[in-house]
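Reckoned from all heavy atoms, side chains included, excluding hydrogens, waters and symmetry mates.
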Amino acid sequence: MKFNKYLLFMIMAAFAIVLAACGKDGDSAESDKNKASAQGSELEGSVAIDGSGTVYPLMARLAEEYMVNEQENVSVEVSRAGTSAGFKKFLVENGTDFNDASRQIKDEEATEADKLGIEVKELKVALDGLTFVINKENDWATEMTPEELVSIFLADSTVEKWSDINPDWPDEKINAMGPNENHGTYEFFYESILDKQDMDSSVNLQQEYSTLVNLVSEDKNGIAFFGFGYYVNNQDKMNAVAVDFGNGPVEPALDTIAEDGAYADFTRPVFTYLNVNHAKDKPQVKDFAIYVMNNINEFAGETGFAPIPESEVKENISFLEGL
C-alpha cells in the first residue's frame, strides 16, 4: 500500500515537472514573439506606391529588395501613373502611402492635403538628368546647345527641319516627342526648360516611356526627352545628345548629373512623398520608408540616378525614426 502511494506520488511529481517545462518553453516562445513584434522585425500588410514613371525603376528595385531580403510578409506595390496622376491617388481618403514625383508638390496639392488632414513629408531620393535622345542613325545632332534643343519644341519657333538649326544638317522634318502632362518630367520641361512658353502642338506626347523609346529607336528623325535612367537602360536603341552649356558639350552621366555639376542646368531632384498619417498607423509603411532612405544611394546608380548628399539622407532617417 505504501509502495502504491509512493509510486503515485512519483508519477504526479514527474507530470508536474513536464507541465512546468512546457509552460516555461511556451512563455519563452510567446515572449520572443512579442519581442520580435515590438522590434518590428516581423511585419505584414501592404504598402501602396504610385506616381512618377521616372522614379518608378528606382522605387521598384527597392521594393523588390525589401520584400525579398527584409520583410517577406509585406507586399509593396509600385505603380507609375505619373506624378500628377499619382498625387490624385495620394491626396484622397485612404489613398496611397507614397507618391513618387519628378517635381515638387504644387501649392494646390499641398492645400488639398491640409484640407484632408493629411500630413505629407517630402523625401528627396535622387538626382536625375533630363536627357535628350536621338536615333542611332542620327550622326549630325549629337551635340546641341540648350537654345537649339528648346527651339525644336517651342510653338513660336521657326525650326521645323534639322537644316533650320544647322544648314549642314539634313533637310528633313524633325519629329519631336516627350511624356505627356501626367508626368512630372513634362512639367519640369515646360516650367524650367521652356520657361512656361507654349509647346508646339506637333510634339508627340506619350503616357508610357517605353513607347517613346520605341518611337525614337524606329525614327531616324526622332528626338525625345525623359529621365536619364530610361536612356541608360536603352543605350542599345538610342544615343544621348551632349549639351553645350557654354563650356563645351557635356554628356549626361552619373558624374556630370549634379546640382552643382557640369550638367547642372538640366539636373533636377526627384522625390517620394510620404503620407505621415499612414506611417504612424501602419508599421510596415514606416519601416519601408526608413529602408528606402537607408538604401537609396546604394541603388540610385543602378537605375540611372545620381546620389543625394548623405547629410540629407541622415536628416530624413532621423525624422522617420521619430514618428
Side-chain angles (χ1 to χ4, degrees), residues 43-92 94-105 109 118 120-128 179-180 182-187 206-213 226-234 268-279 281-305 307-308 313 316 320:
L43 298 171
E44 60 183 18
S46 63
V47 177
I49 306 169
D50 211 323
S52 170
T54 298
V55 183
Y56 172 82
L58 174 57
M59 196 60 74
R61 181 80 172 86
L62 285 160
E64 178 185 7
E65 286 292 322
Y66 179 79
M67 289 187 287
V68 171
N69 299 317
E70 296 293 322
Q71 297 291 348
E72 62 181 14
N73 293 322
V74 175
S75 173
V76 184
E77 302 168 4
V78 187
S79 300
R80 48 184 173 181
T83 298
S84 297
F87 269 123
K88 292 178 181 178
K89 298 181 179 182
F90 180 73
L91 298 174
V92 293
N94 297 320
T96 51
D97 302 308
F98 295 83
N99 189 60
D100 297 335
S102 50
R103 61 159 172 81
Q104 287 188 294
I105 190 170
E109 291 165 340
I118 299 174
V120 176
K121 174 61 177 177
E122 177 185 279
L123 301 171
K124 183 194 289 189
V125 293
L127 297 175
D128 178 42
N180 65 19
N182 284 332
H183 294 277
T185 299
Y186 169 92
E187 295 178 79
Q206 294 288 329
Q207 170 66 21
E208 297 297 331
Y209 287 106
S210 58
T211 303
L212 291 172
V213 169
F226 43 58
F228 178 69
Y230 281 96
Y231 161 66
V232 167
N233 292 318
N234 294 281
R268 56 174 177 166
V270 293
F271 312 89
T272 192
Y273 284 84
L274 168 68
N275 183 320
V276 175
N277 308 51
H278 289 184
D281 293 339
K282 298 188 283 186
Q284 72 273 20
V285 172
K286 175 182 175 180
D287 191 66
F288 180 69
I290 293 173
Y291 177 82
V292 166
M293 295 315 306
N294 271 319
N295 295 275
I296 198 70
N297 281 346
E298 178 182 350
F299 293 105
E302 287 187 18
T303 48
F305 294 94
I308 60 174
V313 171
N316 284 331
L320 294 169

Task: Point-to-point distance, once rounded to the nearest 0.5 Å, from CZ of Phe90 to CG of Asp100 - done: 10.0 Å

Task: Met293 to Asn316 - nearest heavy-atom pair and separation - done: CE-ND2, 3.6 Å

Task: Taking every non-hydrogen atom, the tightest pair across Thr185 and Phe226 - done: CG2-CA, 4.1 Å

Task: Side chain Ser52, main chain Thr54, donor-acceptor under 3.5 Å - done: yes

Task: 4.5 Å side-chain heavy-atom contact, Lys286 and Leu274 - done: no

Task: Flag side-chain contact, heavy atom, 4.5 Å: Ile308 against Asn297 - done: yes

Task: Test item: Asn295 and Glu65 side chains (from C-beta on) under 4.5 Å apart, heavy atoms - done: no

Task: Pairwise distance CG(Asp128) to OG1(Thr303) - rounded to 0.5 angstrom - done: 10.0 Å

- [ ] Write down the atom of Val76, the atom of Met67, and the distance for their closest heavy-atom approach.
- [x] N-SD, 3.3 Å

Task: Beyond-backbone contact of Thr272 with Val55, side-chain heavy atoms, under 4.5 angstrom - done: no

Task: Minimum side-chain heavy-atom gap Leu212-Pro179 below 4.5 Å - done: yes

Open item on the list: With rounding to the nearest 0.5 angstrom, report the OG to CG distance, Ser46 to Asp97.
Closed with: 7.0 Å

Task: Spatial distance of atom CZ (Arg80) from atom CD (Gln207) [nearest 0.5 Å] - done: 9.5 Å

Task: Aromatic ring pairing Tyr230/Tyr209, orientation class (parallel under 30°, perpendicular over 60°, tilted between) - done: parallel

TODO: Can you see which heavy atom on Lys89 is nearest to which on Val92, and at what distance?
DONE: O-CG2, 3.3 Å

Open item on the list: Can you confirm whether the side chains of Tyr186 and Ser84 place a donor and an acceptor under 3.5 Å from each other?
Closed with: no

- [ ] Would you please say whether a donor-acceptor pair under 3.5 Å links the side chains of Asp287 and Tyr66?
- [x] yes

Task: Side chain to side chain, Gln284 and Gln71, heavy atoms closer than 4.5 Å - done: no

Task: Nearest heavy-atom neighbours spanning Tyr273 and Ile105 - done: OH-N, 2.9 Å

Open item on the list: For the NZ atom of Lys124 and the CZ atom of Phe271, what is their distance to the nearest 0.5 Å?
Closed with: 6.5 Å

- [ ] Please work out which of the three classes, parallel, tilted or perpendicular, describes the rings of Tyr231 and Phe228, given edges at 30° and 60°.
- [x] tilted

Open item on the list: For the CG atom of Leu43 and the NZ atom of Lys282, what is their distance to the nearest 0.5 Å?
Closed with: 13.0 Å

Task: Nearest heavy-atom neighbours spanning Asn99 and Gly51 - done: OD1-CA, 3.3 Å

